[in-house]
Engineer: 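First the structure, then my questions, so here it is.
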Amino acid sequence: MTAHITGGLTVDLDNGPVGTRYDRDASGKQRAALIIGEGSDAFGITVTDSGPELLDQLQEAVSELRAWAALQERIKTSPEVER
């Protein structure tokens with residue numbers, strides 16, 4: 001049986017490391033996944049059948065999130081501006 005998510009899902013990156021996993025399914029087909037967290041708290045995004053263009057989109061989205069996080073850090077350390 002395969003799990004299917006039919007609604008929204010939120011995973012906090014602070015839950016653990018981010019990495020990759022490569023293995024084979026029961027029939028021997030290769031699989032690849034992005035893994036967030038570890039142990040029973042791990043969450044995987046399978047990219048086995050994703051083409052390079054989709055993975056480029058994922059990389060671009062992560063770059064945008066990194067820029068947003070950096071901006072938030074700069075805002076935290078900036079002096080307040082009076083209006």
Side-chain angles (χ1 to χ4, degrees):
M1 182 170 154
T2 302
H4 295 280
I5 298 170
T6 57
L9 179 65
T10 301
V11 176
D12 192 332
L13 286 179
D14 284 338
N15 287 347
V18 176
T20 55
R21 180 178 63 214
Y22 306 93
D23 59 11
R24 295 181 181 272
D25 65 14
S27 68
K29 180 182 176 184
Q30 292 189 45
R31 294 186 299 193
L34 173 66
I35 306 297
I36 301 170
E38 59 189 342
S40 62
D41 292 330
F43 170 77
I45 300 171
T46 302
V47 298
T48 304
D49 298 320
S50 302
E53 297 84 11
L54 188 57
L55 294 173
D56 287 344
Q57 289 177 22
L58 177 61
Q59 185 175 18
E60 185 176 319
V62 169
S63 293
E64 288 178 18
L65 289 171
R66 187 180 193 296
W68 178 86
L71 175 62
Q72 299 310 306
E73 287 300 315
R74 284 195 307 274
I75 289 171
K76 285 181 189 175
T77 59
S78 297
E80 289 187 5
V81 177
E82 292 188 52
R83 296 180 191 232

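Here the structure is a predicted model, which is why all the values come from computation and not from measurement.
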Engineer: Any salt bridge linking Asp23 with Arg31? Criterion: basic side-chain nitrogen under 4.0 Å from a carboxylate oxygen.
Structural biologist: yes

Engineer: Within this structure, what is the CZ-CG distance for the pair Arg21 and Leu34, rounded to the nearest 0.5 Å?
Structural biologist: 10.5 Å

Engineer: Are the side chain of Ser50 and the backbone of Leu55 linked by a donor-acceptor contact shorter than 3.5 Å?
Structural biologist: no

Engineer: To the closest 0.5 Å, what do you measure between CG (Asp25) and OG1 (Thr46)?
Structural biologist: 10.5 Å

Engineer: Would you say Leu65 and Val18 are hydrophobically clustered, going by side-chain heavy atoms of ILVMFWY under 4.5 Å?
Structural biologist: no

Engineer: Give a yes or no on this: more than 12 heavy atoms of other residues, nucleotides or ligands lie within 6.0 Å of atom CD of Gln72.
Structural biologist: yes

Engineer: Do Gln59 and Leu54 touch side chain to side chain, with heavy atoms closer than 4.5 Å?
Structural biologist: no

Engineer: Are the side chains of Leu13 and Ile36 in touch, meaning some heavy atoms are under 4.5 Å apart?
Structural biologist: yes

